[in-house]
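These notes are about the structure you will find just below.
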Amino acid sequence: MTRTRSLLALSPALLASALALAVSVGSGTASAATELHSMPQNVLSQPLTLLNGWASSQPIYGTGDPAVSENDGIVHLSGSLHQPSGTNDEFAVLPPAYRPGHTLYLPVYTYDGGEGSLEITPGGAMSLFGAGNTKAYSSLAGVSFPVNPGSHKVALINGWRSAQSTYGTGNPTVMATDGVVYLAGSLKQPSGSSGKFAVLPKAYRPSHQLYLPVYTVSGTEGSLEIAPSGSMWLFGSGSTKWFSSLAGVSFPIGLAPHKLTLINGWQTSQIPWDSGNPAASIDDGIVHLSGSMHLPVGSNEEATILPPAYRPSHRLYLPVYTWNGTENSLEITPSGAVYAFHGSTTQFTSLAGISYPAGA
């Protein structure tokens with residue numbers, strides 16, 4: 001287990017001590033990280049102004065200051081935060097250029113791999129809540145969404161209906177830009193029992209089976225499966241039929257993949273699940289991961305090392321789909337090391353849907 005994950009499991013009392021130490025250290029850690037990486041930056045970010053007692057977790061964990069960037073109409077959040085004092089869930093307000101047209105609900109990584117939820121309103125207000133300990137630590141890594149999701153509606157079947165009229169979260173839509181597909185909107189199932197809710201048109205279909213975590217009612221975890229045939233299902237421990245959000249779901253379809261070399265006994269799960277070999281692709285400074293993996297024997301959480309072009313500037317923590325619809329954790333370091341940890345990651349871990357700005 002890495003030093004950072006050990007810190008994320010600190011008790012509240014020890015965490016307070018770590019916070020005090022980080023304040024006394026100042027910006028030395030961030031400066032050192034900057035000096036170690038000299039790759040050109042393709043995506044310029046704007047710092048978020050934190051509110052209500054929320055503070056950046058960068059000085060403690062090296063996971064970046066909260067920031068926002070935009071690339072070809074797609075907004076990307078990054079960084080990490082915690083709330084040493086206060087009780088208000090709202091932590092920042094997005095500048096007008098980055099605000100969505102509807103309310104978004106997305107899953108995020110929180111303290112010690114807990115489940116957390118992020119809400120973003122059309123007015124730009126951003127709040128963290130859910131079962132995970134969001135106030136101890138929350139990661140914004142991997143959160144992305146189109147400013148304008150387009151007007152190509154997803155045709156719903158089997159009793160599934162848009163949840164826009166109830167929650168203002170948008171009709172289910174699909175769009176593609178620069179070789180990447182983006183889903184948006186929300187849905188519910190007032191009647192029926194089938195988890196299959198739509199079939200994507202051919203232009204938006206993935207080449208392999210995809211498994212991704214999604215936000216469902218009251219911040220519970222749910223799962224989304226997308227087949228090469230275009231069929232899409234919602235399932236899992238969350239109450240998917242009461243409310244499921246497609247916000248933040250994306251996957252590459254037209255980018256050249258770089259196959260990742262697995263280490264420490266990790267193997268591809270392409271066979272038998274047709275979920276793709278672990279790979280990374282990049283376009284305009286945005287890295288997209290894909291594929292799946294498992295660890296038949298052993299316990300080493302380090303699964304692969306990303307080539308330099310695909311490495312982030314700060315340590316990332318992200319929620320991922322794992323075996324049987326559970327949601328667990330992925331860590332990516334500035335040196336390229338990728339760790340899958342918690343729960344049933346060794347049985348099956350999906351890299352589908354993970355994206356982040358590259359380089360420092």
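None of the values given here were measured: they were computed from a predicted structure. For reference, positions follow the sequence shown, starting with 1.
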Does any donor atom in the side chain of S335 or T333 lie under 3.5 Å from an acceptor atom in the other side chain?
yes
Give the ring-plane orientation class for Y321 versus F235, where under 30° counts as parallel, over 60° as perpendicular and anything between as tilted.
perpendicular
If we ignore angles and hydrogens, is there a donor and acceptor under 3.5 Å between the side chains of H208 and S275?
no
The test is ring pair (Phe, Tyr, Trp, His ring centres under 6.0 Å); show your working for F145 and Y182 and say whether it passes.
CA-CA 8 Å; F145 58 89; Y182 295 89; over 10 Å; no
Between S45 and S69, does the side chain to side chain donor-acceptor pair (under 3.5 Å) criterion hold? Intermediate values first, please.
CA-CA 4 Å; S45 61; S69 60; over 6 Å; no
Any side-chain donor paired with an acceptor under 3.5 Å for D89 and S127?
no
Around atom CH2 of W242, are there more than 12 heavy atoms from other residues, nucleotides or ligands closer than 6.0 Å?
no
Set out, in order, the CA-CA distance, both residues' side-chain angles and the distance that settles ring pair (Phe, Tyr, Trp, His ring centres under 6.0 Å) for Y204 and H152, then state yes or no.
CA-CA 11 Å; Y204 304 104; H152 191 119; 5.3 Å; yes
T63 side chain to Y137 side chain, donor-acceptor N/O pair below 3.5 angstrom:
yes
Rounded to the nearest 0.5 Å, what's the gap from CG on L183 to OG on S250? Could you check?
8.5 Å
Please walk me through it: do H258 and Y310 pass ring pair (Phe, Tyr, Trp, His ring centres under 6.0 Å)?
CA-CA 10 Å; H258 175 91; Y310 304 94; 5.6 Å; yes
Please test L306 against L260 for side chain to side chain contact (heavy atoms under 4.5 Å, CB included), starting from the C-alpha separation and ending with a verdict.
CA-CA 7 Å; L306 295 173; L260 298 176; 3.7 Å; yes
Joint cluster assignment, V249 & V320, ILVMFWY side-chain distance < 4.5 Å
no
